[in-house]
Amino acid sequence: MNISKISMRNITRQKKRSFLLGGAIAFGVFIIITIGSFTAGMTETLKENFTSIMGGHIYILGTETLDSGRIVQVIGDTADLERAIDTVDDLVKEYHVRSQVRMGEIIFGSKSTTLQVSGIDWNKEQLLKDTLTIADGSLENIEKAGSLIIPEKVADKLGVIPGETVLIRMDTVTGQKNVGEFTVAAIVQEQDSFSFISAGYTEMGYLNDLIGLESDEYQYLNLHLKDIAQMDIVAEKLVTELEKTSLVDAGDDEDEDGEEDQRHGMMFGGGMTSASDEPWDGTKFSITNLNDIMEPVLQLVNILNIVSLALFVILMIITMVGLINTFRMVLIERTKEIGTMRAIGMHRGSVRSIFLLEALYLALFGAAGGIILSFATTIITGLIRFTADSALGLFLHSGRLQFITTPVSVLQVVFLLAVMTLIAVYLPAKKAAKLKVVDALRAQY
Amino acid sequence: MTVISLKDVHKKYPLGKTEVHAVKGVSFDIESGDFISIAGPSGSGKSTILNMIGCIDTPSEGIVTINETNTSDLKDKEITNLRHDVLGFIFQNFNLIPVLNVFENIEFPMLLGKNPLPKAEREVWISQLMEEVGLGDWKTHKPNELSGGQRQRVAIARALVTKPQIVLADEPTANLDSETGSSIIELMKKMNNDYGTTFIFSTHDQTIVDIADHVIQLKDGKIVENRRR
Ligand SMILES: Nc1ncnc2c1ncn2[C@@H]1O[C@H](COP(=O)(O)OP(=O)(O)OP(=O)(O)O)[C@@H](O)[C@H]1O
Ligand SMILES: [Mg+2]
């Protein structure tokens, strides 16, 4: 009690010196916690946004070879797939089958713009219905063939209102050009998180017809899981099940990076698989999950975290050198005082504790300052709304940067700092404890 | 009852290649309740002897016993406990802890012990001591707000707070004007009477020496006079 009181008050003896040291510590803590919160927030945001864009956590694509040798993206053997999905049914919240036109051209009168059109089986996509925010029109007739939902931005650009008819120019799965007629049923508000993609939705059967698929076929199937943590397990199970009946191009051979990239490419940019594959019979499945997509992001985040940790450690080592020097000075300044306390009956261990505690308190005050500063910075930065009209939108959560500061990460930093501080001050503290009382009392100061 | 006994004590300090023979075979006994002055000119070995009695230095030869314990036989922990329990210290430069106020400085040695008194009892006892040394109104002042004489009064209260058997004071008046110095010695004498504490103080000021009832006169590390009154 007594010792901690003295340690605490000793900090205030050289205010400027303590302030500088505490400030340096605060700066280091600020940097690492802010970067950590940023990367954690960004990871989470990306996960959410990808889940939203991709419409789920696990994505199953199918490719088939036509007689002509051409490879097209379609799932024809739907029975095989559905049997496989049944085995994981209890872990799935919702699954969506979709076909998609990635780069359609929507035309109204003399105006046109690009639109990604997804063919939806509306009976199965409650989650999507829930997330759409209607600006105009209604979802009443969306199940009717040719009904189209478009984002506000597209509607504004074309000057179209619900009930009017638009044309969409698109490629069929075999690469031919086709044009379809759609009726705008509803106009929906942009979802900030991914508004860089203009996404339209229509009933799947009608779209299938236009792009050359049977009405019961689809291009991909997405699973929305109840628990995101089970993603890898479910994906693996699906691969095992599908392999019993079909060709599977699974993500388990992870060393073949080229293949992964190719699958990602199919998800985003669309297009055909490479022609190097030998022709095959039936549907070849390819299973990707959110973790696969997040992998490069997580790698980047890891690198960022390591860099910031290294930066923190370097900053702290520099600070610790200052701390060691300070406490060497403190040792000289307070030699006589130490002699007095020892003479009066203080044990060596207590002298050491006074030194260690003083350094620890200083570090903790600095850390507290850094944490407060970091909180203030992340909260203020998190209030800024960015216009999401770019790829930046992928990193935004409702138009804002998301920061996640977990107590565990803060505690880790504080713990690391405390350990470094105690190590740094240990030698001066030990020296202080070892002073000969009579010599200490004879000291000049 | 003999509380302190020195038997043929020598102290040699290494000084470059040679050594300084600061204390050359000193023997004397101190009785409980003595008010003792160790007097002598500068460099005669007063501080050296007090340091050895105070267990913050060890003799090169000879034996210092406190309550029949040979202090050379003790480990640092035991010596520290002995200093805390049996001895009190008053220094020439007051040596108060600058970050503690008057009350806390006096309280400080109590908190170093194994079983400190409960807070309420401490407060009663410290308040009483503060009154006795004339600092009743200075409880929350920091040492740097006090005069030299006041500081030395705090030091006296601090030395007495653990009710030690023996208080050692190495030139307690050397940094004070002669009037203040006398009042400090008189305060020590009063405490000696009130509490029966043995006081051993060194000085080279002959007028102060006269207050003592036992004077040990040193010269060149040897006793030239050992006189009781
Ligand atoms: N640590 C030391 N190293 C070397 N010599 C010392 C040391 N301490 C004391 N001396 C020497 O021992 C002798 C006695 O010193 P001491 O301090 O005991 O004298 P003193 O009587 O207290 O003098 P003063 O009245 O000036 O305080 C002196 O010659 C001094 O130089
Ligand atoms: Mg001296």
Side-chain angles (χ1 to χ4, degrees), chain A residues 1-18 326-327 329-355 357-359 361-362 365 429-445, chain B residues 11 13 22 47-48 50-59 75-101 104-114 116 119 122 142-144 155 158-162 164 167-170:
Chain A
M1 211 316 269
N2 204 29
I3 284 167
S4 77
K5 180 166 74 187
I6 291 175
S7 305
M8 191 73 91
R9 290 194 194 166
N10 276 343
I11 293 177
T12 61
R13 281 167 88 159
Q14 292 277 346
K15 291 198 181 64
K16 200 165 151 195
R17 197 164 69 186
S18 299
T326 301
F327 275 86
M329 236 142 78
V330 164
L331 174 61
I332 295 168
E333 285 166 8
R334 298 194 199 145
T335 300
K336 194 174 205 142
E337 197 177 313
I338 293 164
T340 307
M341 294 192 290
R342 291 275 289 125
I344 288 173
M346 182 179 271
H347 285 282
R348 288 195 163 133
S350 303
V351 173
R352 195 171 49 221
S353 300
I354 286 182
F355 268 64
L357 272 181
E358 181 176 343
Y361 285 142
L362 188 63
F365 281 131
K430 195 170 136 188
K431 232 174 165 179
K434 280 269 161 74
L435 282 174
K436 263 189 81 185
V437 182
V438 65
D439 295 336
L441 279 170
R442 287 168 59 93
Q444 283 304 306
Y445 293 101
Chain B
K11 182 70 187 181
Y13 292 109
S47 297
T48 306
L50 276 180
N51 288 345
M52 288 186 290
I53 296 173
C55 301
I56 55 177
D57 208 354
T58 46
K75 296 194 192 68
D76 184 75
K77 276 215 169 110
E78 296 165 320
I79 289 180
T80 306
N81 287 337
L82 178 93
R83 281 199 303 263
H84 177 266
D85 299 340
V86 181
L87 302 173
F89 289 86
I90 297 168
F91 304 93
Q92 179 178 341
N93 296 308
F94 326 125
N95 291 23
L96 301 178
I97 310 297
V99 292
L100 302 179
N101 66 30
E104 291 165 336
N105 259 290
I106 298 172
E107 186 188 31
F108 183 73
M110 297 185 93
L111 301 176
L112 292 175
K114 281 205 180 67
K119 195 169 165 37
R122 281 206 307 269
K142 287 275 169 66
N144 61 7
R158 178 177 70 180
L160 290 168
V161 78
T162 51
V167 170
L168 300 165
D170 191 5

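Letters A, B, ... mirror the listed sequences (proteins, then strands); counts begin at 1. Owing to the predicted nature of the structure, the values given are computational and were not obtained by experimental measurement.
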Side-chain contact test, heavy atoms from C-beta onward, threshold under 4.5 Å: evaluate it for [X] versus [Y] and give yes or no.
{"X": "Arg83(B)", "Y": "Arg342(A)", "result": "yes"}
{"X": "Thr340(A)", "Y": "Arg158(B)", "result": "yes"}
{"X": "Thr80(B)", "Y": "Val437(A)", "result": "no"}

Just how far is it from atom [atom1] of [X] to atom [atom2] of [Y], taken to the nearest 0.5 Å?
{"X": "Ile6(A)", "Y": "Ile97(B)", "atom1": "CD1", "atom2": "CD1", "result": "6.0 Å"}
{"X": "Leu96(B)", "Y": "Glu337(A)", "atom1": "CG", "atom2": "CD", "result": "10.0 Å"}
{"X": "Met346(A)", "Y": "Phe108(B)", "atom1": "CE", "atom2": "CZ", "result": "3.5 Å"}

Where is the tightest heavy-atom contact between Arg9(A) and Val99(B), given as atom of each residue plus distance?
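Of all heavy-atom pairs spanning Arg9(A) and Val99(B), the closest is NH1-O, 2.9 Å.
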Minimum heavy-atom separation for Pro98(B) to Arg13(A), with atom names?
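Nearest heavy atoms, Pro98(B) then Arg13(A): CG-NH2, 3.3 Å.
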Qualifying residues under side-chain hydrogen bond (donor to acceptor under 3.5 Å, both in side chains), relative to Asp85(B), sequence neighbours excluded:
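For Asp85(B), no residue satisfies side-chain hydrogen bond (donor to acceptor under 3.5 Å, both in side chains) once neighbours in sequence are set aside.
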Let me see the working for Thr162(B) and Ile344(A) under side chain to side chain contact (heavy atoms under 4.5 Å, CB included), right down to the final yes or no.
CA-CA 10 Å; Thr162(B) 51; Ile344(A) 288 173; over 6 Å; no
CA sep, side-chain torsions, deciding dist, call: Lys5(A), Leu100(B), side chain to side chain contact (heavy atoms under 4.5 Å, CB included):
CA-CA 9 Å; Lys5(A) 180 166 74 187; Leu100(B) 302 179; 4.2 Å; yes
Can you say whether Asn51(B) sits under 4.5 Å from chain A via the side chain, the backbone, both, or neither, judging by heavy atoms?
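Answer is side chain: those atoms of Asn51(B) sit under 4.5 Å from chain A.
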Would you mind checking which part of Phe91(B) comes under 4.5 Å of any heavy atom in chain A, side chain (CB onward), backbone (N, CA, C, O), both or neither?
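Contact with chain A: side chain only.
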Pairwise side-chain hydrogen bond (donor to acceptor under 3.5 Å, both in side chains) hits with a residue in residues 429-443 of chain A, at least two apart
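Output for this query is empty, none listed.
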